S.K.: 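This structure is in structure tokens; I'll ask about it shortly.
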Amino acid sequence: MTLTRRSTLAALGAAPALAATSGRAATSAGSPLRLWYRQPAKAWVEALPVGSGKLGAMVFGGVGAERLQLNEDTLWAGGPYEPINPEAGAALPEIRRLIDAGEYAKASKLAEAKFVGIPKQQMSYQTIGDLKLDFPGLAEPTNYVRDLDLDGAIAMTRFTIDGVQYVREVIGSAPDGVITVRLSASRRGALGLDLSFASPLKSKPVASVEGLSLVLAGTNDSQQGVPARLRFECRVDVRAKGGRVSGQGETLSIRDADEVILLIAAATSYRRHEDVSGDPTALNKATLARLSGKSWGKILADHQADHRALFRRVEVDFGRTRADLLPTDERIKASPTTDDPSLAALYFQYGRYLLIACSRPGSQPANLQGVWNDKPSAPWGSKYTININTEMNYWPAEPANLPELVEPLIALVKDLSETGARTAKAMYGARGWVAHHNTDLWRATAPVDGAPWGVWPTGGAWLCKHLWDHYDYGRDRAYLARVYPLMKGSARFFLDTLVVDPKFGVLVTNPSLSPENDHGHGASIVAGPTMDQAIIRDLFDNCLKAEAVLGADQTFVAELRAARDKLAPYKIGKDGQLQEWQEDWDADALDIHHRHVSHLYGLFPSDQIAIDTTPKLAAAARQTLVTRGDLSTGWAIAWRLNLWARLGEGDHAHGILRLLLGPERTYPNMFDAHPPFQIDGNFGGTSGMTEMILQSRNDRIYLLPALPSAWPTGHIKGLRARGAVGVDVHWTGGKLAEAVLTAKVDGRHVVVLGGSSLTVELRKGQSARLIPRDGALVRAA
């Protein structure tokens, strides 16, 4: 099905002619940056997402009845609470003794009773509900198409009824802090609709009409015995050109209008995790007042300028075929058996679009569903699951050139350092701070869900890797000085709590587990799982690097080095696999195909294991991946994609990518299917494709380390590497054509292509063009 250059141009050139009969469909088909469909969404996972960072909306594209499902990022259940189990500190020595004695089931039972937090579950992210737009009298349409333009960050629905062309546009504007809807038609006076709210919250929020505004106000829900403490409001201001606007009861009606603009603001009383004294009504009125007199054209222009300043930093092309002329849902269905490289490119850019839409400075970080959730109790609470999922959300942020979007994650870590300090002291008698496998809006840090999942103390330490990575990609010393105390606090916790394993004589965490896996000896609970050792090794190493940059605290440096040298080393088991635990138990685990591959953290996202620096460990990691298998949940497939890319096996990585893009793991709207929806698979997919083209690890920049044969010609422009350097990569015939490095700071960079390497010194703002010549990488004149 691959096209020649001539036939591709002919096919894409047919778009203008097609436009005369198919309206918007033709331009959608001709763009590599659009999701588009021939019918409205019937299910939530067919609707299209827009977001402002703090606000999210799912757009269904209905004709007679449109539905905008709305979210605000601080609308969570419950209120400030402290889940520390008061018996935890006293129980800790006995839990450790039981683990050392091999009595894992007894240790787990004791941890369940006295170590796991109270309540055992955290709070859930919640939906505001739906803004319903009912259009009386609209018949069956023709020329229907709906789409999401990733470059313009706008969802559009177009159709024709009785010769009248209707257009509906929806954006999530970060500069203005609103969701904005524009309704227009080709005939004057053709617009009529009724606006109302529907909310599934148990607290039963109330809708009312205030002049030209429709308002939904109420409280969040209580959960797990934690009382509801948040007030919230969603306010819709209506601007109608022509026609009449009237309100009755809980409905606002517009009739015979030429154009209708809806400005949607939402807020809660949340200010910080311990402060719920905000005034959502005042916040919304102030937001909307700032838009007084601001036209749709200006709102749209500001929104798109802001979005494109981020989105257009990266350009990607993996090649094109006829398949990209089809609607997106049809492409996803056909992807397992179709050559469609631009579907992968679309997925890559969709991940970047989603992160821009759900994580902005001042917003909450992206949760398990980004900012989009239609339930009062979301799957897994849509929480911040910090044993992989939250971190995966931010894997593409640095290399895919969206570093500003990490700010909400940094703010989360700052909050956790406060609540986690209380947890560290009460549960472990330790300095510093700790966070276990989950947290929520209220920054709970105690173990939750139960001993098989929650008794894992390295979630906060893993988040600290993102603090370091943000520095390593940007090299801003002032930033490092600001966040290093958070890293240091996490390290202090482990300096106080690591204990000697009596069997192996090494420093280990105890109690802990390998997320979320049962080792087959009576429980999940254990001492010193491989993942913990790897995360703590990174934490200590990155603290030592930060000390070197900022001016060393020699006493602390000595403590770190002494403890680091005593951490348990990686081990290779009897089947040639990388061991998941200190004991060679991998074959005994209850699920040898387990979705988590926690002990491979050292291969990715870390660089402790690599094919060129630790080949025996890399081979053992590969054996683990072979045993676990490729097919898993959506996010777990995405992690495997990154791991196989790190192993340099591009065709295998591409095969995994095809699994991720297929209809079992990608919904029609391109949301990742766990199932159900988890957004980390989307972000992990973007990260994995980046790793196939560019790796930045072990103080080197690797070009085309895992290029698949399915993408013989293409390019990615605008990626970033460690050391504050931008990288553009072009290839043809499966080989590098050129790479361009552009320095953001002065630096010296080792660039690797296959078996060849080149050291490039650059001053700030300077670029270097690198090309292959006679089997070596050289700097072009």
Side-chain angles (χ1 to χ4, degrees), residues 23-24 27-28 30-31 33-36 47-61 66 68 70-71 131 133 145-159 165-186 188 190-191 193 195 212-213 234-242 254 257-266 284 286-313 349-350 352-358 360 362-363 371-372 404-405:
R24 181 70 170 167
T27 54
S28 296
S31 170
L33 291 173
R34 276 192 171 90
L35 286 68
W36 74 280
L48 296 172
V50 299
S52 69
K54 289 186 65 64
L55 303 182
M58 296 292 285
V59 185
F60 283 71
E66 173 61 294
L68 297 180
L70 301 173
N71 289 98
L131 177 63
L133 289 70
V145 67
R146 65 186 175 99
D147 69 3
L148 176 65
D149 177 356
L150 302 184
D151 178 66
I154 182 168
M156 301 183 70
T157 305
R158 295 190 179 200
F159 53 85
Q165 294 180 338
Y166 293 86
V167 181
R168 299 171 183 170
E169 301 161 274
V170 186
I171 62 173
S173 171
D176 290 323
V178 291
I179 304 293
T180 305
V181 182
R182 177 178 181 258
L183 312 174
S184 58
S186 63
R188 296 182 64 180
L191 297 176
L193 67 150
L195 292 176
L212 298 181
S213 300
C234 183
R235 180 174 292 264
V236 184
D237 276 6
V238 176
R239 296 180 184 174
K241 183 181 296 183
I254 301 101
D258 304 332
E259 177 189 76
V260 176
I261 307 293
L262 307 178
L263 303 173
I264 305 167
N284 286 338
T287 295
L288 294 168
R290 288 192 292 270
L291 295 175
S292 177
K294 189 171 184 177
S295 68
W296 159 258
K298 179 60 173 169
I299 292 171
L300 177 63
D302 288 352
H303 158 66
Q304 292 187 325
D306 169 77
H307 171 80
R308 285 170 173 155
L310 295 165
F311 186 80
R312 286 186 173 179
R313 290 173 180 172
Q349 291 286 40
Y350 188 51
R352 296 181 69 252
Y353 165 87
L354 291 173
L355 194 58
I356 293 168
C358 73
R360 293 293 194 102
S363 78
V371 74
W372 302 279
E404 301 93 329
L405 308 189

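Being a predicted model, the structure only gives us computed values, none of them experimental.
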S.K.: Under the side-chain contact (heavy atoms from CB on, under 4.5 Å) criterion, do V170 and L262 qualify, and how do the steps go?
M.R.: CA-CA 9 Å; V170 186; L262 307 178; over 6 Å; no
S.K.: Describe, in one word, how the ring planes of H307 and Y353 are oriented to each other, choosing from parallel (under 30°), tilted (30 to 60°) and perpendicular (over 60°).
M.R.: perpendicular
S.K.: Salt-bridge test for R290 and D176: reply yes if a basic N is under 4.0 Å from a carboxylate O, no otherwise.
M.R.: no
S.K.: Mark yes when over 12 heavy atoms from residues, nucleotides or ligands other than R188 sit less than 6.0 Å from its CZ; otherwise mark no.
M.R.: no
S.K.: Test side-chain contact (heavy atoms from CB on, under 4.5 Å) on E259 and R182; report intermediate values, then the result.
M.R.: CA-CA 7 Å; E259 177 189 76; R182 177 178 181 258; 2.9 Å; yes
S.K.: For a 4.5 angstrom cut-off between non-hydrogen side-chain atoms, does I171 reach V50?
M.R.: no
S.K.: Which atom pair, heavy atoms only, marks the closest approach of V371 to G53?
M.R.: CG2-O, 4.0 Å
S.K.: Starting from the C-alpha separation in whole Å, work towards a yes-or-no answer on side-chain contact (heavy atoms from CB on, under 4.5 Å) for F159 and R168.
M.R.: CA-CA 9 Å; F159 53 85; R168 299 171 183 170; 3.5 Å; yes
S.K.: Given side chains that start at C-beta, do those of F311 and Q349 come closer than 4.5 Å, heavy atoms only?
M.R.: yes
S.K.: Enter the distance from Y166:OH to S186:OG here, rounded to the nearest 0.5 Å.
M.R.: 7.5 Å
S.K.: Determine yes or no for a side-chain-to-main-chain donor-acceptor pair under 3.5 angstrom, with H303 supplying the side chain and P175 the backbone.
M.R.: no
S.K.: With rounding to the nearest 0.5 Å, note down the distance linking OG1 in T287 to CD1 in I264.
M.R.: 13.0 Å
S.K.: What's the shortest heavy-atom distance between A185 and L191, and which atoms?
M.R.: CB-CD2, 4.1 Å
S.K.: Please check this pair: side chain of T157 against backbone of G61, looking for a donor-acceptor N/O pair closer than 3.5 Å.
M.R.: no
S.K.: Closer than 3.5 angstrom, by distance alone: can the side chain of D149 be matched with the main-chain N or O of R34 as a donor-acceptor pair?
M.R.: no
S.K.: Hey, what do you get for OG1 (T180) to CG (L55), rounding to the nearest 0.5 Å?
M.R.: 9.5 Å
S.K.: Using a 6.0 Å cut-off, check whether atom NZ of K241 has over 12 heavy atoms from anything other than its own residue.
M.R.: no
S.K.: Do S173 and D302 come close enough that some side-chain heavy atom pair is under 4.5 Å?
M.R.: no
S.K.: Among V178, I261, L263, find the residue that satisfies the side-chain contact (heavy atoms from CB on, under 4.5 Å) test when tested with D237.
M.R.: L263
S.K.: Roughly how far, to the nearest 0.5 Å, is the CD atom of Q304 from the CG atom of D151?
M.R.: 7.5 Å
S.K.: Could you please spell out the steps behind the side-chain contact (heavy atoms from CB on, under 4.5 Å) verdict for L291 and R239?
M.R.: CA-CA 11 Å; L291 295 175; R239 296 180 184 174; 4.0 Å; yes
S.K.: Please find the pair of heavy atoms, one from Y350 and one from P49, that lie closest to each other, and give the distance.
M.R.: OH-CG, 3.4 Å
S.K.: Quick one: are L405 and L310 in side-chain contact, heavy atoms under 4.5 Å?
M.R.: yes
S.K.: Measuring from L131:CG to L133:CG, what's the distance to the nearest 0.5 Å?
M.R.: 5.0 Å
S.K.: Roughly how far, to the nearest 0.5 Å, is the CG atom of L355 from the CZ atom of R360?
M.R.: 9.5 Å
S.K.: Is any side-chain heavy atom of E66 less than 4.5 Å from a side-chain heavy atom of L183?
M.R.: no
